[in-house]
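Before any comments, here is the structure.
As the structure lists them, so they are numbered: ligands from 1, and atoms in each ligand from 1.
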Amino acid sequence: MSDFAISKWVEISEEAIKNKGRLEAAISGGKTPEKLYQKIAGFKSPLPWDKTHIFLVDEKFVSHKSHESNYRMINQLLLKHVKIPKENIHPIPVEEKTSQAAAKKYEENLISYFKLARGGFPMFDLIFLGIGEDGHTASLFPDSPALKEPQHIAAAVMPEEISKHKRITLTFPVINNAKNIIFLVAGSNKAKVVKEILEEKNSVLPAARVKPKKGKLFFLLDKSAASYLK
Ligand code: 6PG
């Protein structure tokens, strides 16, 4: 799964760099992509890191030093091992006083980086997402008001029952504006939700609402996660 994901990364990166001189990718936390990040860091032919910008899909409202921080995991496994300029890394600003302020600041950072006009959304070349057993993706949890966010780029969410931390997440208008979205899903505990999304078309689940407007959508599943599929 990781090897296939890397081959897509390389392909998408080459295309983006050919067209506009850089790759803009938003990547997720969670356990599943850990091996991928390690493999990208140790990839045999070094990737064009000076032309690669890494953003975060979501983050817990905790310090970047915390073991729960997505940035910490991504930094430990990938970023600190490659020659990526500091200004090409775009973490979610958790040093703000509240999760709402962090979401607002992240949104402002994205507006400024992508030079967005009022009401515009960034168009990432590539977004990596995971799926939770409950069907969440990014930090977009079932029944959260953030699922309906129509105009903001980033939102603060408080999934109290599911996660002990407040979180900040990219919203659906941003996710669905991407050129390529790749879900990485592994493990038998995901088999049920994968079936619901792909075969039963349960459109209530957040992950099922990932439908790129013009971009491509890939589901990379291991055998266990795919085991309930026909
Ligand atoms: C996070 C993620 C989240 C994750 C899923 C799947 O920061 O936790 O962005 O949406 O992708 O919960 O997580 P696993 O890969 O650990 O199953």
Side-chain angles (χ1 to χ4, degrees), residues 1-2 4-5 25-40 54-79 89-94 99 102-103 106 124 126-144 146-147 149 153-172 174-176 178 180-198 205-210 217-228:
M1 225 169 87
S2 297
F4 185 81
I27 65 179
S28 286
K31 280 253 149 253
T32 317
E34 288 182 355
K35 198 176 275 174
L36 168 67
Y37 299 156
Q38 273 168 328
K39 281 200 167 199
I40 296 177
I54 301 290
F55 297 79
L56 267 81
V57 165
D58 66 333
E59 184 60 282
K60 289 145 202 140
F61 189 57
V62 295
S63 149
H64 284 151
K65 292 190 185 128
S66 160
H67 282 276
E68 311 253 15
S69 159
N70 285 351
Y71 174 76
R72 181 178 190 275
M73 182 276 278
I74 292 166
N75 188 45
Q76 290 288 332
L77 299 183
L78 169 59
L79 302 174
I89 305 174
H90 307 267
I92 296 183
V94 289
S99 55
Y106 194 43
F124 286 103
L126 172 61
I127 298 186
F128 276 121
L129 293 174
I131 301 180
E133 282 176 56
D134 61 353
H136 79 258
T137 190
S139 286
L140 294 159
F141 292 88
D143 301 324
S144 162
L147 298 181
E149 177 53 59
I153 292 171
V157 293
M158 299 181 198
E160 281 141 42
E161 281 153 36
I162 304 135
S163 152
K164 55 182 191 290
H165 298 295
K166 295 173 183 162
R167 293 170 174 236
I168 298 100
T169 185
L170 292 178
T171 57
F172 277 127
V174 181
I175 292 173
N176 286 330
N180 296 276
I181 299 174
I182 303 183
F183 276 110
L184 294 170
V185 197
S188 53
N189 57 329
K190 305 288 175 69
K192 186 167 168 284
V193 75
V194 163
K195 185 178 173 62
E196 279 181 77
I197 293 166
L198 289 178
L205 295 173
R209 301 188 197 183
V210 174
L217 177 61
F218 301 88
F219 281 84
L220 304 192
L221 312 170
D222 74 349
K223 277 191 185 158
S224 310
S227 60
Y228 287 4

For atom 16 (O) of ligand 1, find the nearest protein heavy atom and state the residue, atom name and distance (0.1 Å precision).
Lys31 N, 2.7 Å
For atom 8 (O) of ligand 1, what's the nearest protein heavy-atom neighbour? Residue, atom name and distance, please.
Arg167 NH1, 3.7 Å
side-chain contact (heavy atoms from CB on, under 4.5 Å) between Tyr106 and Leu170: does it pass, once the steps are laid out?
CA-CA 9 Å; Tyr106 194 43; Leu170 292 178; 3.8 Å; yes
Quick one: do Arg167 and Ser99 satisfy side-chain contact (heavy atoms from CB on, under 4.5 Å)? Show the steps, please.
CA-CA 7 Å; Arg167 293 170 174 236; Ser99 55; over 6 Å; no
Heavy-atom nearest neighbour of atom 3 (C) of ligand 1 within options Gly132, Gly30, Ala207, Ala138
Ala138
of all protein heavy atoms, closest to atom 1 (C) of ligand 1 is Asp58 OD2, 3.5 Å
Parallel, tilted or perpendicular: which fits the ring planes of His90 and Phe55, with parallel below 30° and perpendicular above 60°?
parallel
Only heavy atoms count here, so choose which of Glu133, Glu59, Glu34, His136 is nearest to atom 12 (O) of ligand 1.
His136
Go through the steps for Ile182 and Leu126 under the test side-chain contact (heavy atoms from CB on, under 4.5 Å), then give the verdict.
CA-CA 8 Å; Ile182 303 183; Leu126 172 61; 3.7 Å; yes
Could you please spell out the steps behind the side-chain contact (heavy atoms from CB on, under 4.5 Å) verdict for Phe183 and Ile197?
CA-CA 12 Å; Phe183 276 110; Ile197 293 166; over 6 Å; no
Kindly compute the distance separating CG (Leu217) from CG (Leu129), expressed to the nearest 0.5 Å.
9.0 Å
Per-residue contact class, Ile131 against ligand 1 - non-hydrogen pairs under 4.0 Å:
backbone
Look at atom 15 (O) of ligand 1 and say which protein heavy atom is nearest, naming residue and atom and giving the distance to 0.1 Å.
Thr32 OG1, 2.4 Å
Residue Thr137 vicinity, atoms of ligand 1 by number, heavy atom under 4.0 Å
10 (O)
Does ligand 1 have any atom that is closer than 4.0 Å to a heavy atom of Asn70?
yes
State whether the shortest distance between N or O atoms of Ser139 and N or O atoms of ligand 1 falls below 3.5 angstrom.
no
Hey, what do you get for CG (Leu56) to OH (Tyr71), rounding to the nearest 0.5 Å?
8.5 Å
Identify, by atom number and element, the atoms of ligand 1 in contact range of Gly130, meaning under 4.0 Å from any of its heavy atoms.
11 (O)
Answer yes or no: is there a side-chain heavy-atom contact under 4.5 Å between Ser69 and Glu59?
yes
Those atoms of ligand 1 less than 4.0 Å from some heavy atom in Lys190
14 (P), 17 (O)
